[in-house]
Amino acid sequence: MACTIYNFSAGPAVLPRAVLEQARAELLSLEGSGMSVMEISHRSERFHRILDGARQGIRDLLAVPDGYEILFMQGGASLQFSMIPMNFLRSGRSADYLITGSWGEKALKEARRRGKARIAYTSAADGYRKVPKAGELWFADDVDYVHYTSNETIEGVEFDYDLEAGLIPVICDASSNILSKPIDIEKYALIYAGAQKNIGPSGLSLIIIREDMLARAPDDQFAMLDYRNFARAGSMPNTPNTWAIYIAGLVCEWVKKQGGVAELARRNREKADLLYKAIDSSDGFYTGHAERDSRSLMNVTFRLPSVELDEKFCSEAATEGLDGLRGHRVFGGIRASIYNAFPREGVERLCEFMSEFAACNG
Ligand code: PMP
């Protein structure tokens with residue numbers, strides 16, 4: 001077994017080593033308190049500082065302007081699929097959904113439990129290989145919001161622009177590319193992400209919401225499903241996931257030390273370019289799933305000439321310390337997830353392995 005493991009898992013995913021080391025150093029005694037962050041009261045001053053730090057970290061890194069609340073919640077990104085229609089899809093009205101992959105499908109399904117939702121765009125017919133071009137879409141005037149997934153983690157397709165829909169509120173699932181590049185928050189009414197790719201551990205979700213959206217929720221909303229309660233209570237209407245918030249704060253500090261999201265975007269582009277080049281220069285041994293201008297910089301998806309070879313590739317790669325490359329259990333193929341904390345050396349190692357494997361099996 002190789003001793004360096006490169007973890008290509010789609011999520012939970014690799015965390016920055018420096019963050020894990022700091023968490024280990026502070027595990028038994030946070031700031032000399034003799035207690036771990038998981039044992040102190042969420043109402044303590046010490047935890048308040050941690051929560052404020054994580055919130056401010058996100059605000060600084062994504063340049064979140066005044067007029068937006070930053071909320072931490074539980075239930076993962078999947079709960080947001082339900083909360084969004086519960087809070088914003090009014091009776092008799094409709095919402096527009098862009099479906100560019102499996103997560104968008106799930107979001108749509110939840111919206112349709114609540115009310116009407118139109119598919120404003122779908123690339124299902126071609127197996128989700130592309131996203132629409134900027135300006136290509138038309139949205140109905142009377143919809144309550146437009147929803148899209150900025151990076152589809154399973155298929156590996158990504159928008160390289162912030163969607164615009166005029167005066168219609170734009171809601172975005174950015175679970176698998178948040179913090180990977182600068183975005184223009186002002187284009188969004190709500191942006192959400194499960195933490196387990198670029199923010200921290202699973203069991204935490206980040207919601208950035210424009211304040212005017214808070215007023216839209218129905219008055220009889222259940223307390224724990226109402227964004228207003230999270231905004232009013234500073235993300236603590238009940239006991240939050242203190243450990244995950246602590247790690248998220250450390251990750252934000254780490255991103256700042258790396259030079260911020262612009263610098264990470266540059267590195268992410270370089271890492272992805274290396275892998276796509278390895279695919280494109282393989283004389284067809286490796287076939288990328290996404291169309292070129294829709295390729296994800298976070299999840300690089302490709303296939304080998306047969307399912308048997310996909311399997312052989314994954315098991316041999318694992319013995320070389322290249323872990324987590326097996327594609328989604330339904331979608332199959334290979335998926336290399338190369339989020340912010342994934343090191344360039346691991347990508348280089350995978351490219352070498354791909355070339356050796358193609359030479360032996362092509
Ligand atoms: N949206 C996207 C784009 C995802 O990648 C995922 C999970 N991988 C989800 C939603 C669901 O997230 P969770 O498991 O936190 O509910």
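In this text, all values refer to a predicted model and were calculated from it rather than measured experimentally. Heads up: numbering here begins at 1 and tracks the sequence. Read the numbers this way: they start at 1 and go in the same order the structure lists the ligands and their atoms.
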Is there a heavy atom in Q80 that sits closer than 4.0 Å to ligand 1?
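Q80 does not count as a contact of ligand 1 under the 4.0 Å cut-off.
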When E158 is tested against each of K181, R129, R295 for salt bridge (charged side-chain N to carboxylate O under 4.0 Å, His left out), which residue passes?
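Passing option: K181.
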Ligand 1-proximal atoms of [X], by part, heavy-atom distance under 4.0 Å:
X	value
E152	neither
S175	side chain
Q196	side chain
L79	neither

Distance alone, cut at 3.5 Å: any donor-acceptor contact between the side chains of [X] and [Y]?
X	Y	result
E348	Y6	no
N177	S150	yes
E152	S296	no
E105	S102	no
Y97	Y145	yes

Between H289 and F331, is the ring centre distance below 6.0 Å?
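So the answer is yes for these two rings.
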F353 ring center near F313 ring center (under 6.0 Å)
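Ring centroids of F353 and F313 are less than 6.0 Å from each other.
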Can an N or O of D173 be found at a distance shorter than 3.5 Å from an N or O of ligand 1?
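Min N/O separation from ligand 1 is below 3.5 Å for D173.
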For ligand 1, find out whether one of its N or O atoms is nearer than 3.5 Å to an N or O atom of T153.
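Right, the criterion is met.
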Answer yes or no on whether K257 is positioned over the face of W254, meaning its NZ or CZ is under 6.0 Å from the six-membered ring centre and within 45° of the axis.
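The answer is no; the distance or angle limit is not met.
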Can you sort out which atoms of ligand 1 are near G76, meaning under 4.0 Å from one of its heavy atoms?
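Listed by number with element: 15 (O), 16 (O).
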Atoms of ligand 1 less than 4.0 Å from N151 heavy atoms?
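The list of qualifying atoms is 3 (C).
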Can you tell me the protein heavy atom closest to [atom] and the distance?
atom	answer
atom 7 (C) of ligand 1	W103 CZ2, 3.4 Å
atom 12 (O) of ligand 1	A77 CB, 3.5 Å
atom 16 (O) of ligand 1	S78 OG, 2.6 Å
atom 8 (N) of ligand 1	K197 NZ, 2.8 Å

